[in-house]
Structure formats: C-alpha cells, structure tokens
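These numbers come from the heavy atoms of this one structure, side chains and all, not from hydrogens, waters or symmetry mates.
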Amino acid sequence: QVQLVESGGGLVQPGGSLRLSCAASGSISSINFMGWYRQAPGKLRELVAAITSGGSTNYARSAEGRFTISRDNAKNTVYLQMNSLKPEDTAVYYCNADVIRYSGSYYQGNYWGQGTQVTVSS
C-alpha cells in the first residue's frame with residue numbers, strides 16, 4: 001500500500017509563512033502527479049497547486065505569486081511554501097498523489113493524506 005503523511009500546518013498570523021511537507025511511502029515505483037488541495041469549512045475541496053514528475057507546476061489563481069510547490073523525487077516528498085498568508089487561506093490542506101506501485105505487478109492508484117490544519121489569524 002501507499003501512505004501520504006503531511007506535516008507543517010499550524011497557526012500563523014496574517015502575512016506570515018508556513019511550509020507544508022508530504023512524504024509518500026510504500027511499495028512505490030514512481031509518482032506522476034503530486035498536489036496540494038484545501039478544504040475550508042462549508043466549502044468544496046479545491047486544488048491549490050500541483051507538480052508533475054518533470055517539475056511542471058500549476059497553481060490556483062488565489063495561490064499564484066504567494067505559494068510555491070516543489071518536490072524531491074528521491075524522497076517521494078512534495079512541499080508547499082506558503083508566504084503572505086491571508087485569513088482566507090485557513091483550511092485543512094491535503095496532499096494528493098498519483099502513484100505507480102509495484103506488488104508483483106504494476107498498479108496505478110490515487111492517494112490522499114490525512115490532512116493538516118492551517119489557520120491564519122491574528
């Protein structure tokens with residue numbers, strides 16, 4: 001199986017920064033897409049940023065210029081550097097990955113982390 005474990009959430013003042021990490025583990029052969037989503041109370045889960053194995057990135061308009069997604073393929077880890085945080089960034093942030101795993105044969109699956117809370121408040 002594959003597990004995604006997020007870390008780095010917390011409480012920060014408006015204008016502050018946080019860095020989220022998500023490490024994937026298990027019988028992983030390769031990881032194509034890795035992304036960060038968030039879900040605020042009463043709202044739908046939305047894509048914040050995504051990155052391919054080749055390093056191509058995509059950002060939500062609300063994240064452009066403030067957030068940076070990166071990954072370390074050797075560590076199967078994706079990061080989200082969040083700067084100039086605003087109260088509206090408050091949400092549970094989830095890591096997502098499209099994984100090719102090997103267990104006698106190759107299998108493709110999409111996996112979610114358990115989520116990490118980010119709260120932006122003074």
Side-chain angles (χ1 to χ4, degrees):
Q1 266 292 1
V2 174
Q3 286 189 321
L4 303 181
V5 179
E6 300 116 331
S7 61
L11 173 64
V12 64
Q13 292 186 342
S17 298
L18 282 175
R19 189 191 194 210
L20 306 182
S21 300
C22 171
S25 62
S27 54
I28 296 170
S29 176
S30 63
I31 303 178
N32 300 320
F33 163 97
M34 298 189 85
W36 288 96
Y37 289 73
R38 68 186 181 187
Q39 187 167 18
K43 294 189 176 181
L44 296 175
R45 190 173 297 189
E46 63 176 359
L47 177 67
V48 176
I51 186 168
T52 67
S53 57
S56 296
T57 59
N58 183 41
Y59 295 92
R61 189 170 298 178
S62 60
E64 284 180 349
R66 299 187 300 127
F67 295 1
T68 301
I69 189 170
S70 61
R71 62 188 283 175
D72 184 332
N73 290 331
K75 296 181 179 179
N76 290 328
T77 299
V78 64
Y79 307 95
L80 185 68
Q81 177 66 43
M82 303 186 293
N83 299 328
S84 303
L85 283 161
K86 304 175 182 180
E88 50 264 43
D89 294 317
T90 296
V92 178
Y93 284 69
Y94 297 91
C95 176
N96 179 263
D98 197 55
V99 177
I100 306 294
R101 64 183 181 90
Y102 182 77
S103 181
S105 297
Y106 289 97
Y107 301 90
Q108 181 175 2
N110 188 263
Y111 299 89
W112 290 92
Q114 80 286 354
T116 185
Q117 177 70 46
V118 172
T119 302
V120 185
S121 175
S122 55

What distance do [X] atom [atom1] and [Y] atom [atom2] have between them, rounded to the nearest 0.5 Å?
X: D98; Y: T52; atom1: CG; atom2: OG1; answer: 11.5 Å
X: R101; Y: I28; atom1: CZ; atom2: CD1; answer: 10.5 Å
X: C22; Y: N76; atom1: SG; atom2: CG; answer: 10.0 Å
X: L47; Y: S62; atom1: CG; atom2: OG; answer: 9.5 Å

[Y] side chain reached by [X] side chain, heavy atoms, under 4.5 Å:
X: D89; Y: R38; answer: yes
X: I31; Y: N73; answer: no
X: S7; Y: T116; answer: no
X: V92; Y: Y37; answer: no
X: V48; Y: M82; answer: no
X: R71; Y: S53; answer: yes
X: W112; Y: C95; answer: no

Residue pair [X] / [Y]: nearest heavy atoms and the distance that separates them:
X: L4; Y: A24; result: CD2-CB, 3.3 Å
X: S21; Y: W36; result: O-CH2, 3.6 Å
X: S17; Y: N83; result: OG-OD1, 2.9 Å
X: L80; Y: A49; result: CD1-CB, 4.1 Å
X: P14; Y: S122; result: CD-N, 3.7 Å

Mind checking whether [X] and [Y] sit in one hydrophobic cluster, side chains of I, L, V, M, F, W, Y counted as touching below 4.5 Å?
X: Y79; Y: I51; result: no
X: F67; Y: L20; result: yes
X: Y94; Y: M34; result: no

Is it the case that atom CD in Q3 sees more than 12 heavy atoms from other parts of the structure closer than 6.0 Å?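 No, CD of Q3 has 12 or fewer neighbouring heavy atoms, counting only those of other groups under 6.0 Å.
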
Give a yes or no on whether the backbone of [Y] and the side-chain of [X] come within a donor-acceptor separation of less than 3.5 Å.
X: E6; Y: Q114; answer: yes
X: N96; Y: Y111; answer: yes
X: T90; Y: V120; answer: yes

Verdict with supporting geometry, Y59 and T68, side chain to side chain contact (heavy atoms under 4.5 Å, CB included): CA-CA 9 Å; Y59 295 92; T68 301; 3.9 Å; yes

